[in-house]
Trainee: 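What follows is a structure written as structure tokens; I'll ask about it next.
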2 protein chains.
Amino acid sequence: MGATKTDHFTDRQNSIATMIKALGHPARIAIIEYLIKVDTCICGDIVNELPLAQPTISQHLKELKNAGLIKGSIEGNSICYCIDKKAIEKLQDYFGNISLKLEKKNC
Amino acid sequence: MGATKTDHFTDRQNSIATMIKALGHPARIAIIEYLIKVDTCICGDIVNELPLAQPTISQHLKELKNAGLIKGSIEGNSICYCIDKKAIEKLQDYFGNISLKLEKKNC
DNA sequence: ATTTAATATTGCAATATTACGATAAAGATT
DNA sequence: AATCTTTATCGTAATATTGCAATATTAAAT
């Protein structure tokens, strides 16, 4: 095996898991945190910031983009990346809702 | 390769990524959501609920536990699992903080 | 038109993850 | 004590992820 059985879970569960999974790597956390700091930047900036090779950064950016966490707009030669606020809000809502539901419960 | 270069990121980044990563799988999302619904339960209940074999569920529970997202207390023969509120709050805070920082920015 | 700059893609090796059957471990039940 | 119940662990196959060198792509600059 090795393949996640996505067909056995709801679309919503798969969708939120995909989004969360994209953030479940320190390099991608670091990219997001760097983007928070600088607002927008190009791939090369991140390559200079993090100890990973350019293709690796490019791959991580692709994953973040596929998950909807960042947006990239072509700016002549380079691509200007930034965080998609809506995605972060979605995650915030998800965990906020869980917290709310847990308040009433005890364990 | 295939091994994450954890040594190149901060402890905080690695720690939050580990926690988030643990939730980045639909089965574990489903387990957490089931736990929210029933408050506490034993492994067997989850095995009955989800379309995965017992060893697979046990493995997912282990990962959630290692990440600090759930707690398990021995209850005679079985183990009573429940969500660790503090962990969820930590995640909520993390995304809440990001949202806050993003409010001031535009992209 | 050539060269330079910035990203993406390809191909590949190393490692990690997912899933499950078989089995072990440990307390409960008879 | 023997059996049942519940969960964990081991072993293993299939697949996915991570990381990078080499190369391709695309636009800018000369």
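Values below: all heavy atoms of this structure, side chains included; hydrogens, waters and symmetry mates excluded. Chain letters run A, B, ... following the sequence lines, proteins first, then strands; residues in each count from 1.
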Trainee: Round to the nearest Å and state the distance from B:I57 atom CD1 to D:dT6 atom P.
Mentor: 15 Å
Trainee: Between C:dA6 and A:Y81, is there an OP1 or OP2 to side-chain N/O distance shorter than 4.0 Å?
Mentor: no
Trainee: Between B:K5 and A:L52, is the side-chain contact (heavy atoms from CB on, under 4.5 Å) condition met? List the steps.
Mentor: CA-CA 9 Å; B:K5 285 180 140 190; A:L52 294 169; 3.6 Å; yes
Trainee: Could you tell me whether the phosphate oxygens of D:dT6, OP1 or OP2, come under 4.0 Å of any side-chain nitrogen or oxygen in B:S78?
Mentor: no
Trainee: Just to be sure I understand the rule, does B:S58 reach a base, reach only the sugar-phosphate, or reach nothing, if contact means heavy atoms closer than 4.0 Å?
Mentor: base
Trainee: How close or far is atom C1' of D:dT7 from atom NZ of B:K65, stated in whole angstroms?
Mentor: 11 Å
Trainee: Strictly below 4.0 Å: does B:H60 bring a side-chain N or O up to OP1 or OP2 of C:dA19?
Mentor: yes
Trainee: For nucleotides 20-30 of chain D, print each protein N/O atom paired with a nucleotide N/O atom at under 3.5 Å, atom names and distance only.
Mentor:
| residue | atom | partner | partner atom | Å |
| --- | --- | --- | --- | --- |
| D:dC20 | OP1 | B:K5 | NZ | 2.8 |
| D:dC20 | OP2 | A:A53 | N | 2.9 |
| D:dC20 | OP2 | A:T56 | OG1 | 3.0 |

Trainee: For residues 32-46 of chain B, which side-chain N or O atoms pair as donor and acceptor with protein atoms under 3.5 Å away, sequence neighbours left out?
Mentor:
| residue | atom | partner | partner atom | Å |
| --- | --- | --- | --- | --- |
| B:E33 | OE1 | A:R12 | NH2 | 2.7 |
| B:E33 | OE1 | A:Q13 | NE2 | 2.9 |
| B:E33 | OE2 | A:R12 | NH1 | 3.0 |
| B:E33 | OE2 | A:R12 | NH2 | 3.3 |
| B:E33 | OE2 | A:Y94 | OH | 2.6 |
| B:D45 | OD2 | B:I42 | N | 3.3 |

Trainee: Taking everything shown except B:I74 itself, do over 12 heavy atoms lie less than 6.0 Å from its CD1?
Mentor: no
Trainee: If a pair satisfies disulfide bond (SG atoms under 2.5 Å apart) and one of its residues is in residues 53-87 of chain A, list it, with sequence neighbours excluded.
Mentor: A:C82-B:C107
Trainee: Working to the nearest 0.5 Å, report the span between CD1 of B:I83 and CD1 of B:I88.
Mentor: 5.5 Å
Trainee: Considering only residues two or more places apart or on different chains, which pairs with a residue in residues 19-30 of chain A satisfy side chain to side chain donor-acceptor pair (under 3.5 Å)?
Mentor: A:H25-B:T4, A:R28-A:H60, A:R28-A:E63
Trainee: So which of residues 20-48 of chain B are in contact with DNA chain D, with a heavy-atom cut-off of under 4.0 Å?
Mentor: B:I42, B:C43, B:G44
Trainee: OP1, OP2 of D:dT7 versus side-chain N and O of B:K62: anything below 4.0 Å?
Mentor: no
Trainee: Can you check the B:L50 CG to C:dA19 P distance for me, whole Å?
Mentor: 11 Å
Trainee: Roughly how far, to the nearest 0.5 Å, is the CG atom of A:L64 from the NZ atom of A:K62?
Mentor: 12.5 Å
Trainee: Using only heavy-atom distances, determine whether the side chains of B:E89 and A:S99 contain a donor-acceptor pair under 3.5 Å.
Mentor: no
Trainee: Among D:dT6, C:dT18, C:dT7, which nucleotide sits nearest the side chain of B:E63?
Mentor: C:dT18
Trainee: Rounded to whole Å, please give me the gap between CG in B:L61 and C1' in C:dA19.
Mentor: 14 Å
Trainee: According to side chain to side chain contact (heavy atoms under 4.5 Å, CB included), who are the partners of A:K86, at least two apart in sequence or on a separate chain?
Mentor: A:D84
